[in-house]
Amino acid sequence: MKKVFLLAFLMISSQMSFGQNGITRLLSAGLDDANTFADSYLSPGTDALAMGLSNGWFNTAKADSFGGFEVSVMANISIVSPDQQEFLLDEADYDILQFQDKDIGSQMVANVLGANDPEVAVKAVYEDNGITNEVNFNLPQGLANEKINSVPGAMIQASAGLFSGFEISARYLPEVQTDDVSAQLYGVGLKNELTNWLPFDKLFPFHIAGFVGYTKFDGKLKVENNFATNTAVNRYIESEMESWNYAAIVSTKLPLINFYGSIGYIQASSSSDLIGTYQIDKGPLGIETVKDPISVSSDASSIQANLGFKLDLKFIRINGQYSIQEFDTVTVGLSFGI
């Protein structure tokens with residue numbers, strides 16, 4: 001479970017590091033240009049991950065009775081379409097970053113989810129003490145270059161029935177920490193079944209509920225710097241993501257297998273910072289040192305529609321769900337409870 005959960009963060013963050021040499025090449029384009037590029041390059045990936053983590057909160061509109069509980073293990077995959085894998089890079093938006101081909105002024109290039117085929121060659125052109133300098137490099141590739149066209153996620157969740165049709169849920173994954181990466185996820189949600197407020201509720205063929213949930217993710221990934229002279233200095237990517245999920249849910253009242261659907265809204269935000277002291281190759285002029293050079297943030301929102309089923313085998317339940325949103329997501333879950 002932890003390995004599946006970390007996979008998405010590792011994929012996005014390892015692409016953010018642009019390889020061991022690529023990060024220094026990008027910084028050679030200047031801090032303003034590096035941040036402008038990083039914002040367009042990274043935001044689709046962090047948005048996909050944040051929205052994927054918003055899924056799987058519920059598998060029925062029915063609330064657990066007081067004292068009832070359910071523990072679930074869930075995994076999901078956010079699907080990335082081709083048009084979500086690229087962005088327009090226009091030289092006019094940059095100070096010193098240019099295409100090496102002088103005939104190109106703007107071009108669609110890969111973001112962190114995409115791939116450049118063929119490679120896109122650019123250069124940083126700047127003046128220092130009256131001398132014009134160039135640093136040539138290729139733009140970073142994305143996940144599609146590794147034949148990956150989706151963003152996975154996973155989590156553990158527990159829910160318990162309260163009073164008056166309320167049910168509280170919590171999702172959590174204990175902090176995972178290695179020499180190179182650390183990550184943690186947690187969240188809380190509240191559902192209220194409204195069926196009992198309806199006249200003739202016993203005869204009504206559906207359960208109806210409202211839901212609100214909050215999810216938070218924090219992660220760090222260690223990066224290196226080829227031009228570093230002091231390897232003991234900490235350098236890492238720090239990412240933070242959070243999302244709110246609001247939904248109206250309806251589900252059937254069948255004995256063995258039930259179907260549910262919902263319509264709602266997701267608000268997600270994310271930030272990623274490149275922390276530490278880095279040394280940039282400045283060509284014949286030597287090396288420049290910069291500190292905490294990249295900081296980007298993104299806000300995303302999307303209408304969400306869910307369709308799913310839940311198979312109830314007494315103490316064991318199996319559910320599957322398809323979410324139609326900015327990054328469509330497939331979720332599967334295995335639950336235990338009373």
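Because the structure is a prediction, the values reported are computed rather than measured.
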**Student:** If we ignore hydrogens and angles and just use 3.5 Å, is the side chain of R171 paired with the main-chain N or O of L53 as donor and acceptor?
**Tutor:** yes
**Student:** Let me confirm one number: the CD-CD1 distance from E326 to I266, rounded to the nearest 0.5 Å.
**Tutor:** 9.5 Å
**Student:** Would a 4.5 Å heavy-atom cut-off, applied to side chains only, mark Q321 and N55 as touching?
**Tutor:** yes
**Student:** Taking side chain to side chain donor-acceptor pair (under 3.5 Å) as the cut-off, I'd like each qualifying pair that reaches into residues 83-98, sequence neighbours left out, listed once.
**Tutor:** S81-D83, S81-Q84, Q85-N149
**Student:** Going by heavy atoms in the side chains, are D218 and K216 under 4.5 Å from each other?
**Tutor:** yes
**Student:** Tell me if a side-chain donor or acceptor on Q100 pairs with a main-chain N or O of V122 at a distance below 3.5 Å.
**Tutor:** yes
**Student:** Can you find a pair of side-chain heavy atoms, one from Q304 and one from I263, that are under 4.5 Å apart?
**Tutor:** no
**Student:** With a 4.5 Å cut-off on side-chain heavy-atom distances among I, L, V, M, F, W and Y, is there a chain of contacts connecting I77 to L143?
**Tutor:** no
**Student:** Running the 4.5 Å side-chain criterion over Ile, Leu, Val, Met, Phe, Trp and Tyr, what cluster does Y186 land in, apart from itself?
**Tutor:** Y172
**Student:** Got more than 12 heavy atoms from elsewhere within 6.0 Å of CG, L139?
**Tutor:** yes
**Student:** Take L256 and D312 through the side-chain contact (heavy atoms from CB on, under 4.5 Å) test and state the conclusion after the steps.
**Tutor:** CA-CA 5 Å; L256 179 62; D312 193 340; 5.5 Å; no
**Student:** May I ask whether F66 and F166 are part of the same hydrophobic cluster, defined by side-chain heavy atoms of I, L, V, M, F, W, Y residues being less than 4.5 angstrom apart, directly or through others?
**Tutor:** no
**Student:** Evaluate the side-chain proximity of F309 to I257: yes if any heavy-atom separation is below 4.5 Å, no if none is.
**Tutor:** yes
**Student:** Do S297 and S271 have side-chain N/O donor and acceptor atoms under 3.5 Å apart?
**Tutor:** no
**Student:** Same cluster for M74 and L334 if Ile/Leu/Val/Met/Phe/Trp/Tyr side chains link at under 4.5 Å?
**Tutor:** no
**Student:** Specify the closest pair of heavy atoms between A110 and A115, including all atoms of both residues, with the distance to one decimal.
**Tutor:** CB-N, 3.3 Å
**Student:** I want to check something: taking the side chain as every heavy atom from C-beta on, are K123 and V135 in contact at a cut-off of under 4.5 Å?
**Tutor:** no
**Student:** Verify side-chain contact (heavy atoms from CB on, under 4.5 Å) between V80 and V151, making sure each step is shown before the conclusion.
**Tutor:** CA-CA 8 Å; V80 181; V151 179; 4.3 Å; yes
**Student:** Less than 4.5 Å apart, side chain to side chain, heavy atoms only: is that true for T46 and M241?
**Tutor:** yes
**Student:** Measuring from atom CG of L88 to atom OG of S40, what distance do you get when rounded to the nearest 0.5 angstrom?
**Tutor:** 9.0 Å
**Student:** Between CG of N116 and CG of N145, what distance do you get to the nearest 0.5 Å?
**Tutor:** 8.0 Å
**Student:** Verify, without hydrogens or angle tests, whether S335 (side chain) and E70 (backbone) share a donor-acceptor contact under 3.5 angstrom.
**Tutor:** no
**Student:** List the atom pairs, with distances to 0.1 Å, where a side-chain N or O of residues 204-212 and a protein N or O form a donor-acceptor pair under 3.5 Å, not counting sequence neighbours.
**Tutor:**
residue : atom : partner : partner atom : Å
H207    : ND1  : E193    : OE2          : 2.6

**Student:** Under a 4.5 Å side-chain heavy-atom rule over Ile, Leu, Val, Met, Phe, Trp and Tyr, are Y236 and V112 clustered together?
**Tutor:** no
**Student:** For the pair T329 (side chain) and S78 (backbone), establish whether a donor and an acceptor sit closer than 3.5 Å, ignoring hydrogens and angles.
**Tutor:** no
**Student:** Report, as yes or no, whether the 6.0 Å neighbourhood of atom OH on Y265 holds more than 12 heavy atoms from other residues, nucleotides or ligands.
**Tutor:** yes
**Student:** Measure the spacing between CD1 of I294 and CG of L31 and express it to the nearest 0.5 Å.
**Tutor:** 8.0 Å
**Student:** Apply side-chain contact (heavy atoms from CB on, under 4.5 Å) to the pair F327 and L113, showing each step before the final yes or no.
**Tutor:** CA-CA 12 Å; F327 294 90; L113 302 172; 4.0 Å; yes
**Student:** Short question: side chain of N35, backbone of S295 - any donor-acceptor pair under 3.5 Å?
**Tutor:** yes
**Student:** Between T277 and T289, is there a side-chain heavy-atom distance shorter than 4.5 Å?
**Tutor:** yes
**Student:** Can you check whether G276's main-chain N or O pairs, donor with acceptor, with D292's side chain at less than 3.5 Å?
**Tutor:** yes
**Student:** Begin with the C-alpha distance, continue with both residues' side-chain angles, and end with the deciding distance and a verdict on side chain to side chain donor-acceptor pair (under 3.5 Å) for S239 and S272.
**Tutor:** CA-CA 4 Å; S239 292; S272 296; 3.1 Å; yes
**Student:** So how far is it from T215 OG1 to M155 CE, rounded to the nearest 0.5 Å?
**Tutor:** 6.5 Å
**Student:** Run the side-chain contact (heavy atoms from CB on, under 4.5 Å) test on F87 and F37 for me, step by step, so that the C-alpha distance in whole Å, both residues' side-chain angles and the decisive distance to 0.1 Å come before the verdict.
**Tutor:** CA-CA 10 Å; F87 70 96; F37 179 86; 3.6 Å; yes
**Student:** Would you list the atom pairs, donor with acceptor, under 3.5 Å between side chains in residues 56-63 and any protein atom, with sequence neighbours excluded?
**Tutor:**
residue : atom : partner : partner atom : Å
N59     : OD1  : K310    : NZ           : 3.1
T60     : OG1  : K62     : N            : 3.1
T60     : OG1  : S251    : OG           : 3.2

**Student:** Could you tell me whether the side chain of E167 and the main chain of D64 form a donor-acceptor pair under 3.5 Å?
**Tutor:** yes
**Student:** Look up atom CD in Q325 and atom CE in M51, then write down how far apart they are to the nearest 0.5 Å.
**Tutor:** 6.5 Å
**Student:** Should F69 and L313 be counted in the same cluster of Ile, Leu, Val, Met, Phe, Trp and Tyr side chains packed under 4.5 Å apart?
**Tutor:** no
**Student:** Does I324 sit in a hydrophobic cluster with other residues, and if so which ones, taking ILVMFWY side chains as linked at heavy-atom separations under 4.5 Å, directly or through other members?
**Tutor:** I79, Y322, V330
**Student:** Does anything in residues 28-52 form a salt bridge (charged side-chain N to carboxylate O under 4.0 Å, His left out)? List the pairs, not counting sequence neighbours.
**Tutor:** none
**Student:** Of all heavy-atom pairs between A247 and N245, which one has the smallest distance, and what is that distance?
**Tutor:** CB-OD1, 4.0 Å
**Student:** Do E119 and Q141 have side chains that get closer than 4.5 Å, going by heavy atoms?
**Tutor:** yes
